[in-house]
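Encoded as structure tokens, the structure appears first; notes follow it.
Fair warning: this is a prediction, and the values are worked out from it, not measured in the lab.
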Amino acid sequence: MSEEKSEFTFENEQYRKTYWHTCSHVLAQAMKRLHPEVKLAIGPSIDNGFYYDFDTPEPFTEGQLAELEAEMRKICKEKLKLERFELPRAEAVRFMEEREEPYKVELINDLPEDAAISFYKQGEFTDLCAGPHLDSTGRIKGNAIKLTACNAAYWRGDSNRETLQRIYGIAFPKKDELDEYLEKIEEAKKRDHRKLGKELGLFMLRDEGPGFPFFLPKGTVLKNTLIDYWRQIHKKYGYVEISTPIMLNRQLWERSGHWDHYKDNMYTTVIDDVDFAVKPMNCPGGMLVYASEPHSYKELPLRVGELGLVHRHELSGALHGLFRVRCFTQDDAHVFMTRDQMKDVIQETVRLFDEVYSTFGLSYEIELSTMPEDHIGTVEEWERNQDILKDAITGMGKSFVVNEGDGAFYGPKLDFHLADSLGRTWQCGTIQLDSQLPERFELEYTGEDGQKHRPVMIHRVVLGSIERFIGVITEHFAGAFPAWLAPVQVKVLPVTDRAAEYAREVAVKLDGQGFRCEVDERNEKIGKKIREATMEKVPYMLVVGDRDMENGTVSPRHRSGEDLGAMSLDAFAGLLGKEVKGRTIR
């Protein structure tokens, strides 16, 4: 009984995907019932639900989505049996041509000659599909289905092909599970970093530079504070910092392999009749720095960090706030080492990651990405390096899942998927083990035996991208950053005009102690000033009135609404200083 429960519940990933895939067919059937002229494209399950792409001239309205939902519920109540059958290629093409489904015909023609061409039938509706599916539409809880969005999508992801309408949906076995999910989605909307970025004056995105974010004064303070922390933690772990050029010639990128494996994502230009590329990654510049002088085994491991501005050509449809941009500051580092040092260096790097992520209250799961089809280096090298990554992680008592074939073209990697306060995951940190670039750049060190040896290296980022990480923590904290990170840590609120000068004196003293402080001198009621400072997510408000002027005190109030009572300015500065120094999350 317990085995059956684990097999046919949402805890089982395969069952969950099968459930959602069947929902996509129910959506397509509902669409053909209500809009028979619409042409079908594809409808897979995805990480959070399912979607189906349709060829229709106009986007669907919320009202039309509601009608589709209602029809889907009817189909679920009809308890239609799903039946699989196969057809020979010519017959399969004719079958879909008769139904005037050109996208299905194209998919059939693109299948390998020896492929089984299978279909699934439910009631009057039949779709080309490899499956698997539930055995009946009655297995789906109709009142726990929700169509969540309708967006444009290119057929087969090709911007030169037809533009389709993609309808997304989600479904659960129980209505209360759907309600809980939708509540979480609503909370996520409130935390959307694009919305909060605008409201809190952190950054802006403009049509003049799609994918190129502008950081505003408060956002720049936040970014620089994050970078200061990055430098501090890396100094603690023995890193040195470098800075390499933003543009280098084609010969370098050919040598690194990026010209052959990554050129479509690179911005290129010609200078003095020579091809150049704006760097999409910092690695090749780091290779040149290492190769610029001789090294001894006594220097290794050599830990070299770089906050490098990189540019990558992302499709316009993929751009999303700070999460997917075309230029970003990559908090890169390359560690050069001997083979004997590899396991220790990987574990040391994970300990650095642990310290950083715990500072922000973020947990993580680890994914090992193995050799892709488009790779350089021998299979034996890849397998050896994959085993080293496995041993290092398991040796720390940590677990991982395998992501087959998703390694970088030069080596396997460990990806760190962070979980935020809503349980959503974000891939930020990565440790990539590389024995290929040291070979290509002929890097060397003098060993204890006096002979020349080839180092190995790791590429690693902990935040991933400063910009993207700011987006992640903006949503994680809902814009209410810890005091050490907040762009404005204290807002001084004079109750009366008489207290304005005293408020300025308080702000000057706090500023002199390194705190970020503002004064709200507007002729507004104190209640309004408190409400607005709270909406601005300022950690502390200092309410000062006539009694505070007389006694030389301040009355701190936390954005949570907690009133700390009157105290001396020194006492408050001590309280705030302790919170900032300890990077406390309150």
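Using a cutoff of 4.0 Å between basic side-chain nitrogens and carboxylate oxygens, Glu186 and Lys189 are scored as salt-bridged. Look at Asp391 and Lys343 and you find no salt bridge, because none of the NZ, NE, NH1 or NH2 atoms lies under 4.0 Å from a carboxylate O. Between Glu314 and Arg312, none of the side-chain N atoms (NZ, or NE/NH1/NH2) sits under 4.0 Å from a carboxylate O, so this pair counts as no salt bridge. We find that Lys279 and Asp332 are not joined by a salt bridge, their nearest charged nitrogen and carboxylate oxygen being 4.0 Å or further apart.
In Glu208, the CD atom is crowded: over 12 heavy atoms of neighbouring residues, nucleotides or ligands sit closer than 6.0 Å.
Using a 30° and 60° split on the angle between ring planes, Phe172 and Phe10 fall in the tilted class, from 30° to 60°.
Taking the centre of each ring, Tyr290 and Phe441 stay at or above the 6.0 Å mark.
In this structure, CD on Glu536 lies 3.5 Å from NZ on Lys491, to the nearest 0.5 angstrom. The line from CG of Leu222 to CD1 of Ile473 is 5.5 Å long, rounded to the nearest 0.5 Å. Atom CZ of Arg194 sits about 14.5 Å away from atom CG of Leu202, to the nearest 0.5 Å. The distance from atom CG of Leu414 to atom CD of Glu367, rounded to the nearest 0.5 Å, is 10.0 Å.
Each of Lys235, Arg231, Arg303 was compared with Glu241 under the salt bridge (charged side-chain N to carboxylate O under 4.0 Å, His left out) criterion, and only Arg231 meets it.
Every ring pair (Phe, Tyr, Trp, His ring centres under 6.0 Å) that Tyr168 has, sequence neighbours left out, goes to Tyr51.
Judged by distance alone, the side chain of Arg468 and the main-chain N or O of Gln427 form a donor-acceptor pair under 3.5 Å.
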